[in-house]
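Residue numbers start from 1 in every chain, and the chains themselves are labelled A, B, ... in the order their sequence lines are given, proteins ahead of strands. Scope of the values below: all heavy atoms of this structure, side chains included, with no hydrogens, waters or symmetry mates.
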There are 2 protein chains.
Amino acid sequence: MKHLSLKSPSLKEKLLEHSIRPTAQRLAIADFVLQKGRHSTAEMVQEHLKKFFPHISLATIYNTLNLFSKKGLLKEYRFPHSGHVFFDNNTQPHAHFLDENSQEIYDVPMEKVNISLKNDSFEIQDVEVLFKGTLTNKGGQSG
Amino acid sequence: MKHLSLKSPSLKEKLLEHSIRPTAQRLAIADFVLQKGRHSTAEMVQEHLKKFFPHISLATIYNTLNLFSKKGLLKEYRFPHSGHVFFDNNTQPHAHFLDENSQEIYDVPMEKVNISLKNDSFEIQDVEVLFKGTLTNKGGQSG
DNA sequence: TTCTCTTTTTAGAACTATTCTAAAATTAGA
DNA sequence: TCTAATTTTAGAATAGTTCTAAAAAGAGAA
Ligand SMILES: [Mn+2]
Ligand SMILES: [Mn+2]
Ligand SMILES: [Zn+2]
Ligand SMILES: [Zn+2]
């Protein structure tokens, strides 16, 4: 059984693999957005980080989230219920479900979604699918 | 063959049917967003209206677009490529196609889209589908 | 018509989310 | 160490939208 402190080095290595200097701020943001959060906004990052970096600048948070997106560690989404940009650590193609009660976003793997388009005038490169509704009693998240 | 000036009365009647007082500003906005434009932003409305109402307030434009949405004449959308809210005069369920060259939004009727979800934990009330890509040479719009 | 009350419009302030700026701090590495 | 490049920061700036409160317009009663 491996020691838990291995987690931290591997995060640093992940940043280095993507040519991102692993500064203290970036590691703290990465720990949250890549490992804890799934669909994080800058505000959520700031809220979570305030116990570790009470003076971190919002500019740093945005710089870092945008850098991670450019490097392929995150993917940006805008959802219809909020003006915030969401940064998704799932960079694979997948759909989303928005629970209209909690406003929570859940991942829906593409294997569970069947979508096709009868079409002759568009060349499709990407599809974004958002299901909206409510969680049933089971209420599980998948992804 | 009916006289063309019938178009204007019918717009006024449409507003009245939805309990919206047909003021001059609202009629001008309605003429654009309900008849000319398909996916209009406040900015597009302002740009189009400036020859008729060079001093119309942005507050009036937003008030009116939001009122029309509340009354069911328009439906609000946010798309991933822009921070603007788009007001769609097609209030029926349908999908969208975003041309990544022109940033233009096209309607895709649901009859052309086949979508289903293998799922046991969500109760789906609505689905938003956005196809992204480029127009082929034919490049027709449908809706 | 005029009076009165309500609704609508307006200019500009305020607000929210994000980006920019330029100076200070940190870092890498010669 | 020294130096140059990178990163972080606070605060200003920007973009899109909503709010405020006063002026204008409209509807209906008298
Ligand atoms: Mn917020
Ligand atoms: Mn704009
Ligand atoms: Zn996701
Ligand atoms: Zn549409």
Taking atom [atom2] of [N] as reference, at what distance in whole Å does atom [atom1] of [X] sit?
X	N	atom1	atom2	answer
A:Phe68	D:dT7	CZ	P	11 Å
A:Ile29	D:dT8	CD1	C1'	10 Å
B:Leu58	D:dG16	CG	P	10 Å
A:Leu27	C:dT27	CG	P	11 Å
B:Ile61	D:dG16	CD1	P	14 Å
A:His84	D:dA15	NE2	P	19 Å
A:Tyr62	D:dA10	OH	C1'	16 Å
B:Met44	D:dG16	CE	P	11 Å

Task: Under 4.0 Å protein heavy-atom contact, by nucleotide of nucleotides 4-9 of chain C - B base, S sugar-phosphate only - done: ---SSB

Taking ring-ring contact (aromatic ring centres under 6.0 Å, His included) as the definition, give me every residue that meets it alongside [X], ordered by chain and number, with sequence neighbours left out.
X	result
B:Phe68	none
B:Phe53	none
A:His96	A:His39, A:Tyr77, A:Phe79, A:His94
A:His81	A:Phe86

With a 3.5 Å cut-off and sequence neighbours excluded, list the donor-acceptor pairs that the side chains of residues 124-134 of chain A form with protein atoms.
unit_1	atom_1	unit_2	atom_2	d
A:Glu128	OE2	B:Lys132	NZ	3.0
A:Lys132	NZ	B:Glu128	OE2	3.0

TODO: Return yes if some donor-acceptor pair links the side-chain N/O of B:Thr41 with the main-chain N/O of B:Val85 below 3.5 Å, else return no.
DONE: no

TODO: Report the residues that fulfil salt bridge (charged side-chain N to carboxylate O under 4.0 Å, His left out) with A:Lys50, sequence neighbours left out, ordered by chain and then residue number.
DONE: A:Glu47

- [ ] Output all residues satisfying side-chain contact (heavy atoms from CB on, under 4.5 Å) with B:Asn66, sequence neighbours left out; order by chain, then residue number.
- [x] B:Tyr62, B:Glu76, B:Phe87

TODO: Under the side-chain contact (heavy atoms from CB on, under 4.5 Å) rule, collect the residues that match up with A:Asn114, sequence neighbours excluded.
DONE: B:Ser116

Task: A:Leu73 vs A:Val33 side-chain heavy atoms within contact, under 4.5 Å - done: no

Task: Any residue meeting side-chain hydrogen bond (donor to acceptor under 3.5 Å, both in side chains) with B:Ser102, in chain and number order, not counting sequence neighbours - done: B:Asp99

Task: Global bending angle along the helix from C:dT1-D:dA30 to C:dA30-D:dT1, which compares the axes of five pairs at either end, to 10 degrees - done: 10°

- [ ] List in numerical order all residues of residues 46-55 of chain A for which some heavy atom is under 4.0 Å away from an atom belonging to DNA chain D.
- [x] A:His55

